[in-house]
Trainee: 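Please see the structure below; I have some questions.
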Amino acid sequence: MCGIVGYTGPRQASRILVEGLKRLEYRGYDSAGIAVPKDATQDEGKTLVVIKKKGKIAELRKAVPKDLPGNFGIGHTRWATHGGVTDANAHPHVDSSGKIAIVHNGIIENYIPLKEMLEKEGAIFRSETDSEVIAHLVAYHYDGDLETALKAALRHLKGTYGIAAVHADEPGRIVGARNGSPLVLGVGDGEMLLASDVTALLTYTTSVVYLNDGEVVSMTPTEFRISDRDDRAVDPEIDLVTWKLDAIEKGGFSTYMEKEIFEQPESIERALTGRMDFEYCSAKLGGLDMSKKELHAIERIRVIAAGTSWHAGLVGCQLMESVARLPGQAELASELRYRNPVVEPNSLYIAASQSGETADTLYAMREIQRRGGSVLGICNVVGSTIARESDGGIYVHSGPEIAVASTKAFTSQLAAFYLLTLSLARLHDMSHHEGERFLTDLKAIPAAVRRSLLLRDSIQEIAKRYARFGDFLFLGRGLLYPIALEGALKLKEISYIHAEGYASGEIKHGPIALISPDTPSVFLVPNDHLREKTISNMKEIKARGGPIIALAEEGDELVASIADDYIPLPKVDTRFQPFVMMPPLQLFAYFCALELGRDIDQPRNLAKSVTVE
Ligand code: F6R
């Protein structure tokens, strides 16, 4: 949710911190701030300068003097939980002396009694946040060593945290701690960085160490030490990040979302590469870490996920049932965790998460594991918490997704579910020949998606005419029902237009009451036996004066004659229609939002990577 960045080394810290925060802005963007030493050299750094601003990083950038000296410091971009969006509530927070500064991601659940205790000790609080207690607790325990003081402070805290702290009297040192909110250390040449995700580090280094829960890192420009809270040293594992810097730039597009929509042919291709096994007409998924026997013993699939990833799971589960003949159920992680779930033997649990850090999904996964269940991860971010804590998994390799609204990660997750379905189907009912057909269709998907993106201009023209409507229905059946949910979600999150996804067969059971000339329906028309039923549903809407946008296979004259606007899609087998339906729906949402002048990459109230419950 919030973003943390820390830097220590020979360069001007404020510049690197603001630049790093800009890269992390997608994690939260209601306010931001930095803390650096006041004096020009680390040796003289006896006090701290803290600059905090409500609003986007651009506001902070304006407030930070270009020549601000100091070559170590910490920064933060906030997504408010406790306390309104104000300069005072922005991080970093300092202790009463102003010498200690901290930034924090997560939630400190017991901050109220801690605050009362610290106030009695004379601490002066300046914000309404839960995070500020950390600065005062560190001060309370400080006796000349920041690492020791932070470790002592951690013993009081209940809740989740990623923390970075500095002390004016310890120039060049940054101490970080993790419990439930990601932190990654960047190991540079004579410089070190600390951040909540690797996108903030990539300009300087690709050598990283992912901190685990319960670990504390203490770093200077040339060395770092990781230990647990009881001060036992931890052997660091240095990983190499393969993401390239250009993957986190806009590359000529005006927004990240547009870029990511158009990257889908390549990102789906990457999810499939090396995994399509034409010899056995199956899928090669080495990361599952399961024997054929174990895979064969699976009797049902349970997906746990949130938001867009949940929609991918809904498609995955339907496909499992129809293609692999395994019952599947996709569950909202936030519901499952508190429901006292029955963990059945021979069930394969799958935690689907782009970021791999979603708190709801992570906690639900841990709950399943605690009850003896095995959980696979379908994640995009390599080294993310879900990816590391799952019992095996599939990386979707869609590359960094920066726009808050998920697009390419969704279709890459679909690709992973299709591969997994194929591999399980081939262990059960599916013949070699059917497997070959499935694989051939799957291989053709990137090209079909590329063709669906050619509809860009016509979709923009349609979106211009519809962007002023206040309510939409998105209607689909079968595999296209979750796509309708995802189409509606995309529209509401970036354009703020109210939209509901429904199964087309359900509209007569209630939602049809909403239909009027002011409520357009977006129909996703399948090309199988459900086409005619969907056309009947379209006629029901038409009879009540509701405008219709229909997405259907190219050449569908009947659909074209009923709909007010028809979006002709490339022909693919019914099972693969989710792939060609989704990009036009993403573009529709995109162009509506553009028409309304919305902040497309950073829609209001949202944050990428929701690391609080
Ligand atoms: C919507 C969106 C969210 C995420 C959800 C889960 O565009 O991005 O609904 O899908 O917050 O996030 P991950 O996939 O990172 O677990």
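Every number for a ligand or one of its atoms is a count from 1 in the order of the listing. None of the values given here were measured: they were computed from a predicted structure.
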Trainee: Do the side-chain N and O atoms of T385 and R178 include a donor-acceptor pair separated by under 3.5 angstrom?
Mentor: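 There is such a pair between these side chains.
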Trainee: Can you tell me the protein heavy atom closest to atom 7 (O) of ligand 1 and the distance?
Mentor: E493 OE2, 2.5 Å
Trainee: What is the closest protein heavy atom to atom 16 (O) of ligand 1, and at what distance does it sit?
Mentor: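 Protein heavy atom at minimum distance: T358 OG1, 2.4 Å.
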Trainee: Using a distance-only test with no angle check, is there a side-chain donor-acceptor pair under 3.5 angstrom linking Q354 and S309?
Mentor: no
Trainee: Go through it in stages, so that I can follow the logic: the residues are M582 and S452, the test is side chain to side chain contact (heavy atoms under 4.5 Å, CB included), and I'd like the CA-CA distance, side-chain angles, deciding distance and then a yes or no.
Mentor: CA-CA 9 Å; M582 202 58 238; S452 77; over 6 Å; no
Trainee: Looking only at heavy atoms, is any part of K608 under 4.0 Å from ligand 1, and if so is it the side chain, the backbone, or both, or is it neither?
Mentor: neither
Trainee: Could you work out, with ring-ring contact (aromatic ring centres under 6.0 Å, His included) as the rule, every residue matching F253, not counting sequence neighbours?
Mentor: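 Counting only residues at least two positions away or on another chain, F253 forms a ring-ring contact (aromatic ring centres under 6.0 Å, His included) with F262.
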Trainee: If you count the atoms of ligand 1 from 1 in the order shown, which ones are under 4.0 Å from a heavy atom of G307?
Mentor: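 Selected atoms, number and element: 9 (O), 10 (O).
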Trainee: What are the atoms of ligand 1, with element, lying closer than 4.0 Å to any heavy atom of Q354?
Mentor: 13 (P), 14 (O), 15 (O), 16 (O)
Trainee: Please list the nearest protein heavy atom to atom 14 (O) of ligand 1 with its residue and the distance rounded to 0.1 Å.
Mentor: S309 OG, 2.5 Å
Trainee: Counting neighbours of NZ on K54 that are heavy atoms of other residues, nucleotides or ligands and sit closer than 6.0 Å, is the number greater than 12?
Mentor: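 Check fails, neighbour count at 12 or below.
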Trainee: Decide whether Q264 and Q586 meet the rule of one side-chain donor and one side-chain acceptor closer than 3.5 Å.
Mentor: yes
Trainee: Which of the atoms of ligand 1 are close to A405, meaning less than 4.0 Å from one of its heavy atoms?
Mentor: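 By the 4.0 Å cutoff, the relevant atoms are 7 (O).
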Trainee: Which atoms of ligand 1 are found less than 4.0 Å from any heavy atom of S406?
Mentor: 7 (O), 8 (O)
Trainee: Show me which atoms of ligand 1 lie under 4.0 Å from any heavy atom of S353.
Mentor: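 So the atoms of ligand 1 that pass are 13 (P), 14 (O), 15 (O), 16 (O).
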Trainee: For a 4.5 angstrom cut-off between non-hydrogen side-chain atoms, does M290 reach L348?
Mentor: yes
Trainee: Measure the distances from the heavy atoms of V404 to every atom of ligand 1 and state whether one is below 4.0 angstrom.
Mentor: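 Judged by the 4.0 Å heavy-atom criterion, V404 does count as contacting ligand 1.
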Trainee: Would you mind checking which non-hydrogen protein atom is closest to atom 11 (O) of ligand 1, with the distance to 0.1 Å?
Mentor: V610 CG2, 4.0 Å
Trainee: Only one of E260, Q413, E263, E401 clears side chain to side chain donor-acceptor pair (under 3.5 Å) with K408; which?
Mentor: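 When E260, Q413, E263, E401 are each tested with K408, the side chain to side chain donor-acceptor pair (under 3.5 Å) holds only for E263.
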Trainee: Is Q413 close to ligand 1, meaning an N/O of one under 3.5 Å from an N/O of the other?
Mentor: no
Trainee: Give the residue and atom name of whichever protein heavy atom lies nearest to atom 10 (O) of ligand 1, and the separation in Å to one decimal.
Mentor: T308 N, 3.0 Å
Trainee: Can you list everything that forms a side chain to side chain contact (heavy atoms under 4.5 Å, CB included) with E506? Sequence neighbours excluded, please.
Mentor: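 Listed in chain order: Y502, A503, H509.
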Trainee: Is there a heavy atom of K490 sitting under 4.0 angstrom from any atom of ligand 1?
Mentor: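 Yes, that is the case, since the closest heavy atom of the residue is under 4.0 Å from the ligand.
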Trainee: Can you classify the ring geometry of F472 versus F469 as parallel (below 30°), tilted (30 to 60°) or perpendicular (above 60°)?
Mentor: perpendicular
Trainee: What's the shortest distance from atom 15 (O) of ligand 1 to any protein heavy atom, and which residue and atom give it?
Mentor: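 So the nearest neighbour among protein heavy atoms is S355 OG, 2.6 Å.
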Trainee: Return the residue, atom name and 0.1 Å-rounded distance of the protein heavy atom closest to atom 6 (C) of ligand 1.
Mentor: A306 O, 3.3 Å
